[in-house]
Amino acid sequence: AAYESVNDFNYYGQQMMIGPEVLADNMELTQLTGRYELEYVNAENSGIDIWQLRYNAINECNIVIQEVEDEAVEGTAAEKASLKAQALFLRALFYHDLARAYGYEPGQEVNGFNLAVPLKLTATLGLSDVADLPRATNVQVYEQIENDLLDAIPNLPDATLGTSEVSFASADAARLLLARVYLYWGRDADAASTAQQVIAGDGSDLVAAADYFASWDDQANPCHPESLFESEIRLLDWSGVDGANNSLHSLLMNETGGSQFILTASAELISVLEEEPGDVRIDLFNDESLGQEYNKWRGDGPQPFMENIPIIRLAEGYLITAEALGPGA
């Protein structure tokens, strides 16, 4: 259930992928449908709204973490350790996204405001488990995320990039998430060293520039060749109606009948990409009458509008390392 929640349209299925780009002025509205209009003008109380469903998913993780080692639960010690590690990874991901959406990063506080979100680390199985918790500080939340990931890594498997194995937590996905957390935390040396545990360091493990456009072909690559953790959407969980209204393909393209195509790349973003010699990302944009279609999300999965969504990619390891080490490295 916690894995499936990653696909929610108000999470990585849509909002976490599109919302930040709208708020950052990297996207413009092509049609007014009521969606992302407030974010587009940065209206009061607009932003990333992931509170309720993330805490539902955190509770699902807490149930596994708290109950899996009970003797009444079947399974070997190794199987239980793996399940617990996966739940710790997901809880860390959910808490980092909550901390980013509802608080400031450590060291980046405004007017001394250092509160993030409540830390609920025990399972809520009934009304007696409900508690009115205060918001923890950003450092407390980050410390919990770090502890979860460090506890998870030894019991997580390796995963082969480009295969369905990346739809589950792996040791390298946890390491790269930890590197991301360290970067946000201002712990640059830890960010760089942790990211370097994952990457080759010379770029040989990345998709070649000549193959970048093709790497987003859903049919040839159901799992992106650089994905370390990818949201897998299965037919059992899929609604064609929801996809036509809410999928990334629908909102960003006008190719499939029923597409919404409400957002396009801003002229400024396109200009920046065009000015950079050899920037292959520009190949992902396609001129259309209403604007620039974003040809990354092609919706060519088993059903129209359907595709997996990369969440943690190998390329991020290089970006984390570069930012952490700085231009003189």
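Side-chain contact check for Gln14 and Tyr36: at least one donor-acceptor pair (N or O, by modelled atom type) lies under 3.5 Å. Checking Gln86 against Tyr3 by side-chain atom types alone, a donor-acceptor pair falls below 3.5 Å. The closest side-chain donor-acceptor pair between Gln292 and Asp287 falls under 3.5 angstrom. For the 3.5 Å distance criterion, the side chains of Asp97 and Tyr11 qualify, holding a donor opposite an acceptor.
Considering only heavy atoms from C-beta on, Leu206 comes within 4.5 Å of Tyr318 through its side chain. Side-chain contact between Leu98 and Ile58 is present, with heavy atoms from C-beta onward closer than 4.5 Å. In this structure, Glu307 and Asp300 have side chains that are not in contact, with every pair of non-hydrogen atoms separated by 4.5 Å or more.
Classification of the Tyr212-Trp216 ring pair by plane angle, with boundaries at 30° and 60°, yields perpendicular. Ring geometry for Phe229 versus Phe89: interplanar angle over 60°, hence perpendicular rather than tilted (30 to 60°).
Nearest heavy-atom pair across Ala171 and Asp158 is CB-OD1, 4.2 Å. Annotation for Val68 and Lys80: closest pair O-CD, 3.1 Å, computed over non-hydrogen atoms.
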Check: Step by step, would you call Tyr55 with Tyr95 a side-chain contact (heavy atoms from CB on, under 4.5 Å)?
Finding: CA-CA 9 Å; Tyr55 274 105; Tyr95 264 124; 3.7 Å; yes
Note to self: Between Lys84 and Glu69, does the salt bridge (Lys or Arg N to Asp or Glu O under 4.0 Å) criterion hold? Intermediate values first, please.
What the structure shows: CA-CA 9 Å; Lys84 183 175 181 179; Glu69 293 175 354; 3.3 Å; yes
Notebook entry, point to check: What do the steps show when you test Leu121 against Gln144 for side-chain contact (heavy atoms from CB on, under 4.5 Å), and what is the final call?
Noted result: CA-CA 9 Å; Leu121 305 176; Gln144 183 61 50; 3.3 Å; yes
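A cation-pi arrangement, defined by a distance under 6.0 Å to the six-membered ring centre and an angle within 45 degrees of its axis, is present between Arg298 and Phe213.
Applying the side-chain hydrogen bond (donor to acceptor under 3.5 Å, both in side chains) rule to Asn245 yields the partners Gln260; only residues at least two apart in sequence or on another chain are considered.
Screening Ile50, Val6, Asn56 against Phe94 for a side chain to side chain contact (heavy atoms under 4.5 Å, CB included) leaves a single residue, Val6.
Taking the ring centroids of Tyr182 and Tyr142, they lie at or beyond the 6.0 Å cut-off.
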